[in-house]
Engineer: 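A single structure is presented below for examination.
Source: prediction; values computed, not measured. Computation of the quantities below employed the complete heavy-atom set of this structure, encompassing side-chain atoms and omitting hydrogens, waters and symmetry-equivalent molecules.
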Amino acid sequence: MTDAETSREITVGELSEGQILRGILDRLPPSTAPVGPGDDAAVLAVPDGRVVATTDTLVHGPDFRLAWSSAHDLGFKAAAVNLADVAAMGARPIALLVALAMPDATPVSFVRGFAEGLADACAELAPDCAVEGGDLTVSDTLTIAVTALGSLDGRDPVRRSGARIGDGVYVIGELGPAAKGIELLFRRFTDADGTPVVVTPEARASLTAADAHALSRQLAPRPPIADALRAADAGATAMMDISDGLALDATRLADASDVTIAFDSAALGDDPALALGGGEDHGFLVTFPAETAPLGRRVGTVEARGERSITVDGSPWTGRTGWDPYRDWDAGRG
């Protein structure tokens, strides 16, 4: 065997499905389910008999770029965005089911790094959650599909439709860093033709602390899962994951509850337009009745339904409404 053959990376096209799967499972914590990976399906223990389920798909091109995201980042983000949706319902994440469709030329090291990202996200954000199954297949375009399952643990689900007139409107988590991160990627890490260029460790090290934070929140978001569950226990009347931008997601919550959400721009920080029109921070928009002890910071009030779903300082919001992958990723395909 030549030196070139021994130094090159092995690809998934050179291994069997079982060998690839073993490389994933070896990097995940042991299953916590009565029946975990290895059978045709997993068997989960759900204390109160109700399961909260959500799914999300990430496709190379419109949803991420391999030049910008490491395998670990992608594993972490794929888990985080799904964990946030489960927690937004007031449910404790208990399991992830992960499907990977990969080109034959995908390095095996990528698969291992992706699995480590999944494991680290669960350990950091939702320690009761584990990867309990999934699927592997071949595709010309790298595609990641994750289903997350959660247990309500005796709680009623916290829905978008529960906001009541007079409730306070709160945000748990950050607003704006992820949007700054995507702007940074397009500004600093593309060539003259707009093609993404690799974000090297050296390039990351050269960023300011603020830019490095923004980049990390775009590539590997940290939704405050535990705080969302505390909000449910504290009496939240409505809640949702802020994935597409505060203005857009607040519009959805207001429409579902048949109310108007009135924002106070002074409560939205130094850049209200960024707070309202950014996206992908994966914090939580929550409404609480006046008699509760809320979490997060208050940004507005629930009012009787008017002509508009949301207002800012009493006026209709006419700025950017939130995240649109076709606009914000230029609809490119990987």
Side-chain angles (χ1 to χ4, degrees), residues 27 56 58-85 87-88 93 96 98 109-110 112-127 129 142 144 146 148 171-190 196-228 241-246 249 268-271 274-275 277-284 296-297 322-323 325 328-329 334:
R27 284 157 177 80
D56 194 71
L58 300 175
V59 179
H60 184 238
D63 297 309
F64 65 89
R65 305 288 168 85
L66 286 172
W68 293 340
S69 294
S70 69
H72 186 278
D73 285 341
L74 284 173
F76 200 103
K77 186 169 188 174
V81 299
N82 282 277
L83 296 172
D85 281 336
L96 299 179
V98 183
S109 60
F110 170 88
R112 294 167 179 165
F114 179 81
E116 289 165 359
L118 290 172
D120 287 347
C122 289
E124 179 180 333
L125 304 175
C129 187
L142 178 62
I144 303 160
V146 178
V171 167
I172 300 173
E174 299 178 286
L175 290 174
K180 288 183 178 179
I182 195 67
E183 187 276 332
L184 176 69
L185 287 170
F186 276 104
R187 175 168 47 87
R188 290 274 302 271
F189 298 101
T190 56
V197 298
V198 175
V199 182
T200 63
E202 293 77 16
R204 284 198 185 214
S206 70
L207 297 174
T208 66
D211 281 350
H213 178 73
L215 188 64
S216 71
R217 289 302 184 260
Q218 167 56 226
L219 298 179
R222 259 74 178 176
I225 303 298
D227 285 342
D241 166 37
I242 308 173
S243 56
D244 294 329
L246 181 59
D249 287 328
L268 293 171
D270 296 335
D271 191 343
L274 178 66
E280 293 214 305
D281 286 308
H282 295 285
F284 297 94
R297 71 181 189 274
W323 172 259
D328 298 319
W329 287 88

Engineer: Do the non-hydrogen side-chain atoms of L74 and L66 ever get within less than 4.5 Å of each other?
Structural biologist: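 When only atoms from C-beta onward are counted, L66 and L74 do touch, with a gap below 4.5 Å.
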Engineer: L207 versus L215: any side-chain heavy-atom pair under 4.5 Å?
Structural biologist: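 Yes; the side chains approach each other to less than 4.5 Å.
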Engineer: So, taking the atom named SG in C122 and the one named CG in L83, what distance separates them when rounded to the nearest 0.5 Å?
Structural biologist: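 Spacing of SG (C122) from CG (L83) equals 5.5 Å.
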Engineer: Assign the ring pair H60 / F64 to parallel, tilted or perpendicular, where the plane angle (0 to 90°) is split at 30° and 60°.
Structural biologist: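 H60 and F64: tilted rings.
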Engineer: Charged N to carboxylate O under 4.0 angstrom, E280 versus K77?
Structural biologist: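 Between K77 and E280 there is a salt bridge, with a charged N closer than 4.0 Å to a carboxylate O.
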Engineer: Looking at W68 and F189, would you say the former's side chain and the latter's main chain have a donor-acceptor pair under 3.5 Å?
Structural biologist: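 Yes: the side chain of W68 pairs with the backbone of F189.
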Engineer: Could you report the tightest heavy-atom contact between C129 and P93, atom names first, then the distance?
Structural biologist: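 Heavy atoms of C129 and P93 come nearest at CB-O, 3.5 Å.
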Engineer: Working to the nearest 0.5 angstrom, can you tell me the gap between R65 CZ and L142 CG?
Structural biologist: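 That separation rounds to 13.0 Å.
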Engineer: Assess the residue pair H72 and L219 against the criterion (side-chain contact (heavy atoms from CB on, under 4.5 Å)); give the C-alpha distance rounded to whole Å, side-chain angles, the decisive distance to 0.1 Å, and a yes or no.
Structural biologist: CA-CA 10 Å; H72 186 278; L219 298 179; over 6 Å; no
Engineer: Quick check against the 3.5 Å criterion: does R187 have a side-chain atom that pairs as donor or acceptor with the backbone of L185?
Structural biologist: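 Not confirmed, R187 side chain does not pair with L185 backbone.
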Engineer: Would you compute the distance between atom CZ of F114 and atom OG of S109 and round it to the nearest 0.5 angstrom?
Structural biologist: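 That separation rounds to 14.0 Å.
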Engineer: Looking only at the side chains, is there a donor atom on one of E174 and H213 sitting less than 3.5 Å from an acceptor on the other?
Structural biologist: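 Yes, H213 and E174 have a side-chain donor paired with an acceptor closer than 3.5 Å.
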Engineer: If I compare all heavy atoms of G278 with all of A179, which pair ends up nearest, and what's the gap?
Structural biologist: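 Smallest heavy-atom distance, with atoms named: CA-CB, 3.6 Å.
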Engineer: Has D281 got a side-chain atom pairing as donor or acceptor with A178's backbone, closer than 3.5 angstrom?
Structural biologist: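 Checked: pair present.
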Engineer: Within the distance-only criterion (no hydrogens, no angle test), does the side chain of D120 pair as donor or acceptor with the backbone N or O of F76 below 3.5 angstrom?
Structural biologist: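 No; zero donor-acceptor contacts below 3.5 Å.
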Engineer: When you measure from the side chain of D241 to the backbone of A88, do you find a donor-acceptor pair of N or O atoms at a distance under 3.5 Å?
Structural biologist: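 No, the answer is negative, given that no donor and acceptor are paired below the 3.5 Å cut-off.
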Engineer: Looking only at heavy atoms, which two atoms of A220 and D73 are closest? And how far apart?
Structural biologist: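 That would be CB-OD1, 4.0 Å.
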Engineer: Closest approach of P223 and L125, non-hydrogen atoms and distance?
Structural biologist: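 What the structure gives for the nearest pair is O-CD2, 3.6 Å.
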Engineer: Verify, without hydrogens or angle tests, whether R204 (side chain) and T200 (backbone) share a donor-acceptor contact under 3.5 angstrom.
Structural biologist: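 Not a single qualifying donor-acceptor pair exists.
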Engineer: Rounded to the nearest 0.5 Å, what separation is found between the CD atom of E124 and the CZ atom of R222?
Structural biologist: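 Taking CD in E124 and CZ in R222, the distance rounds to 4.5 Å.
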Engineer: Do S206 and R188 come within less than 4.5 Å of each other through their side chains, counting heavy atoms only?
Structural biologist: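 The answer is yes; the side chains approach within 4.5 Å.
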Engineer: Would you say the side chain of V81 lies within less than 4.5 Å of the side chain of D56, judging by non-hydrogen atoms?
Structural biologist: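 Yes, close enough: below the 4.5 Å cut-off.
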Engineer: Check whether any side-chain N or O of D63 sits under 3.5 Å from a backbone N or O of V59 as a donor-acceptor pair, and report yes or no.
Structural biologist: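 Yes; at least one donor-acceptor contact below 3.5 Å.
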Engineer: What's the spacing between I144 CD1 and L118 CG if we round to 0.5 Å?
Structural biologist: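 It is 8.5 Å, given to the nearest 0.5 Å.
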Engineer: Quick one, F284 and D249 - any side-chain contact, counting heavy atoms below 4.5 Å?
Structural biologist: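 With C-beta onward as the side chain, the pair stays apart.
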Engineer: Can you tell me how far the CD1 atom of I242 sits from the NE2 atom of H282, to the nearest 0.5 Å?
Structural biologist: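 Answer for the CD1-NE2 pair, I242 versus H282, is 10.5 Å.
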